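Reading through the structure tokens given below for one structure.
Bear in mind that the values here come from a model prediction, so they are computed numbers and not experimental data. In what follows, residues are counted from 1 in the order of the sequence shown.
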Amino acid sequence: MGWLSKVFGSDRKRPKARAKKPTRAHPALAKAASVLRRKKTSAHGHSLDVKAGQVIPAHDQPLTLHMLTHIPAHQPRETDPHYHLFELAKSRLKRQGLWKCIIGDDLCEGQPELHHSYVEFSQINQVDPKAVEKQLGLHFDTDEDFQQWVESPGNLEVLCVNHHRAHYGIHVIPGPLWEAVRFHKRGSAAAAEFISEDEADKLDA
């Protein structure tokens with residue numbers, strides 16, 4: 001027996017390591033792993049579908065909306081004591097060379113206009129300032145602060161007529177579809193467009 005064997009013992013005498021029992025994964029980890037496996041399987045399946053030509057072809061899908069909007073009592077814009085802030089914002093944008101549609105793509109048409117991004121003026125008395133603070137990370141000390149913010153650059157963006165209230169307008173296309181219009185790829189069809197009742201009738205004919 002060599003000296004190493006005397007110090008550490010021989011391999012034959014050394015106790016065998018016990019086989020470790022398989023440990024159960026924590027429920028949260030097991031669930032996460034299951035979700036990941038499903039996603040990988042789904043992604044793999046989608047890839048095969050694309051290769052096999054099993055994809056939904058591009059198509060037009062007519063959508064008719066009938067909405068009842070609720071407009072609370074409010075002052076006319078012309079007599080609103082904060083309307084001058086709206087005009088000041090417009091003048092500042094023009095001086096800074098920013099008086100142009102922020103989208104600036106091939107669908108733009110018409111003159112620039114100021115759009116209320118988060119709170120429409122007509123809804124000012126039906127909106128909770130606290131909810132606005134929470135959602136946008138703002139703080140209003142008084143209701144006057146809120147009223148001023150509604151007509152300030154933080155709640156305004158420049159859109160052309162087409163993207164504001166006409167063919168591809170934010171005021172006539174549902175939000176999820178209009179957001180796709182906002183970021184649409186040049187040269188491609190817009191996610192949605194407004195058509196008149198007469199144009200809709202021609203589609204049905």
For this session: Apply side-chain contact (heavy atoms from CB on, under 4.5 Å) to the pair His164 and Ile170, showing each step before the final yes or no.
Result: CA-CA 5 Å; His164 189 205; Ile170 191 170; 4.2 Å; yes

For this session: Indicate the ring-plane relationship of His115 and His171, choosing parallel, tilted or perpendicular according to the 30° and 60° boundaries.
Result: perpendicular

Exercise. Short question: side chain of Asn162, backbone of Gly169 - any donor-acceptor pair under 3.5 Å?
Worked result: no

Exercise. More than 12 heavy atoms of other residues, nucleotides or ligands under 6.0 Å from CD of Gln96: is that the case?
Worked result: yes

Problem set entry | Validation row: Trp149, Val132 side chains within 4.5 angstrom (heavy atoms) | yes

Exercise. Between atom CZ of Arg182 and atom CG of Leu107, what is the distance when rounded to the nearest 0.5 Å?
Worked result: 13.5 Å

Exercise. Are the side chain of Asp106 and the backbone of Gly187 linked by a donor-acceptor contact shorter than 3.5 Å?
Worked result: yes

For this session: Report the C-alpha separation of Cys160 and Glu113 in whole Å, then their side-chain angles, then the decisive distance to 0.1 Å, and conclude whether the side-chain contact (heavy atoms from CB on, under 4.5 Å) test is met.
Result: CA-CA 6 Å; Cys160 66; Glu113 299 178 341; over 6 Å; no

Problem set entry | Derivation and outcome, side-chain contact (heavy atoms from CB on, under 4.5 Å), residues Lys90 and Trp99 | CA-CA 8 Å; Lys90 184 187 295 185; Trp99 189 241; 3.5 Å; yes

Exercise. Under 3.5 Å, is there a donor-acceptor pair between the Glu109 and His167 side chains?
Worked result: no

Problem set entry | Cluster link Val161 to Phe86, ILVMFWY, side chain under 4.5 Å | no

Exercise. Crowded around Gln111 CD? As in, over 12 foreign heavy atoms under 6.0 Å?
Worked result: no

For this session: Please answer whether the main-chain N or O of Val150 pairs with a side-chain N or O of Asn155 as donor and acceptor at a distance below 3.5 Å.
Result: yes

Problem set entry | Minimum heavy-atom distance Ile173-Ala192, with the two atoms named | CD1-O, 3.5 Å

Exercise. Under the side-chain contact (heavy atoms from CB on, under 4.5 Å) criterion, do His116 and Glu151 qualify, and how do the steps go?
Worked result: CA-CA 8 Å; His116 292 82; Glu151 298 287 28; 2.9 Å; yes

Problem set entry | Exceeds 12 heavy-atom contacts within 6.0 angstrom, atom CZ of Phe140 | yes

Problem set entry | Gap between atom OG of Ser117 and atom CD of Glu157 - 0.5 Å precision | 3.5 Å

Exercise. Would one find more than 12 heavy atoms of other residues, nucleotides or ligands at under 6.0 Å from atom CG of Asp60?
Worked result: no

Seminar exercise, completed: Tightest non-hydrogen contact, residues Pro112 and Val158, listed as CB-CG1, 3.7 Å

For this session: Would you check if the side chain of Trp178 reaches a backbone N or O of Tyr168 as a donor-acceptor pair within less than 3.5 Å?
Result: yes

Problem set entry | Donor-acceptor contact below 3.5 Å, side chain Gln123 vs main chain Glu120 | no

For this session: Mind checking the CG-CG spacing from Leu114 to Leu93? Nearest 0.5 Å is all I need.
Result: 6.0 Å

Seminar exercise, completed: Output for pair (Lys185 NZ, Asp105 CG), nearest 0.5 Å, gives 13.5 Å

Exercise. Between the side chain of Gln148 and the main-chain N/O of His82, is any donor-acceptor distance below 3.5 Å?
Worked result: no

Exercise. Is Phe146 linked to Leu85 within one hydrophobic cluster, defined over Ile, Leu, Val, Met, Phe, Trp and Tyr using a side-chain heavy-atom separation of less than 4.5 Å?
Worked result: no

Exercise. With a 4.5 Å limit on heavy-atom distance, are the side chains of Arg165 and Val172 in contact?
Worked result: no

